[in-house]
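Just dropping this structure here.
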Amino acid sequence: MRGSVRLGSILGVPIILNLSWFFTFAFVTLILGLRVYPDVFKDSSPWLPWAMAVASGLLFFASILTHEMAHSLIARAYGIPVKGITLFIFGGVSQITKEAARPLVEFIMAFAGPATSVLLSGLFLGLWWLTGGGDDQPLPVMWEWLWLMNLGLGVFNLAPGFPMDGGRILRSFLWGVTGNYRKATLWASRCGQGMAYLLMLVGFASLVRLVPWFEPASGLWLVVLGMFLEGAARQSWRQTEVLEALRVYRAADALSPSCPTVDAGLTLSEVAATPAAQVRPFCLFVTEQERVVGLLSPVALLKVPRSRWSTMTAGEAMTPAARVHVVRQDEDAASILQAMDAEEMPCLPVVEDGRLLGYVSRDAVLRLVARHQQLNV
Ligand SMILES: [Zn+2]
């Protein structure tokens, strides 16, 4: 996502904050500061309701983060690499780089999120009870708001529209019953699109005041959320179609035998001037005494500020060979594309019995998709 900053990592999972998150955070804080807390802080200083609103907003986003951590930790426990968790305008999303291999794993991975939200809801309900309950004291009001929000989050995410958690649960059932991953994804995505249109419809009806129990501002929010979910459902289906098409191809079908190389001792300015770096997106094999020691991708190059290009070498900026996914000749093209996306590499080396045969580029893999589509029209 553009406009994102890495905050750090929790249990080895990188946490990324997209700037759009501030919009939602401001919205939540404003509602709490203007509507919820002024009533319980009648006689105190005016900044107290706002301090409480900010604290509640932060705890709510910590709850969303915990929900996403549950998805990510389960994925990792089943050997699926997680790129990170991004907090953004619509809450949070775990960037899980591969789909589950079995319906049961998909079910557990999807269910872990809403289950965590419901558990958190119970925890906040307990805190509400421990602090005396009621709705005229600041702390119980905050705990009450948090248990309701977490319960809402858990229930909303269980709605059966792919790619939401409930949609993934639905897909895992359909997949388990029919044994057909592609069909299960198609049906779950259609449900996702249907749900998104329903959200837009309810949102629009609230905007023109046809639905009395939603405010027009919430209506606008529902329309935007519906549009986002509709796009996400369509994109997820398209992605599944691409990966399914690629499963019939092997690395050998997209192999380029000659690898563009640069010497590890070259500075990044010198690398940028080489003919091989003029091809976009380039992928350079970094060599030391004719042995490949790593890969240099445009992402790695652009991470280095230009002011340092004249002093930093290719060997320092590269991704070391040990950390690069090595492709086998018979590996299917779908798993290669997923590895490229996970590692942000536009190409990966193909190695057999310790010998470098060449490389597979993202462009070559995508050309296979185009070829497959031409053959199947
Ligand atoms: Zn979730």
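Each ligand, and each atom within it, is numbered from 1 in the order the structure gives.
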In sequence, state the C-alpha distance, the side-chain angles, and the governing distance for Trp145 and Val28, and then conclude on side-chain contact (heavy atoms from CB on, under 4.5 Å). CA-CA 11 Å; Trp145 183 76; Val28 168; 3.6 Å; yes

Of all the N, O or S atoms in Asp165, which has the shortest distance to the Zn ion (ligand 1)? OD2

Give a rough value, rounded to 10 degrees, for the angle at the Zn ion (ligand 1) between atoms NE2 of His67 and NE2 of His71. 100°

For a 4.5 angstrom cut-off between non-hydrogen side-chain atoms, does Met69 reach Thr116? no

So, using side-chain hydrogen bond (donor to acceptor under 3.5 Å, both in side chains) as the criterion, who are the partners of Thr185 when residues are at least two apart? Arg171

Would you call Glu99-Arg168 a salt bridge at under 4.0 Å N-O? yes

Taking both backbone and side chain into account, is any N, O or S atom of Glu68 nearer than 2.8 Å to the Zn ion (ligand 1)? no

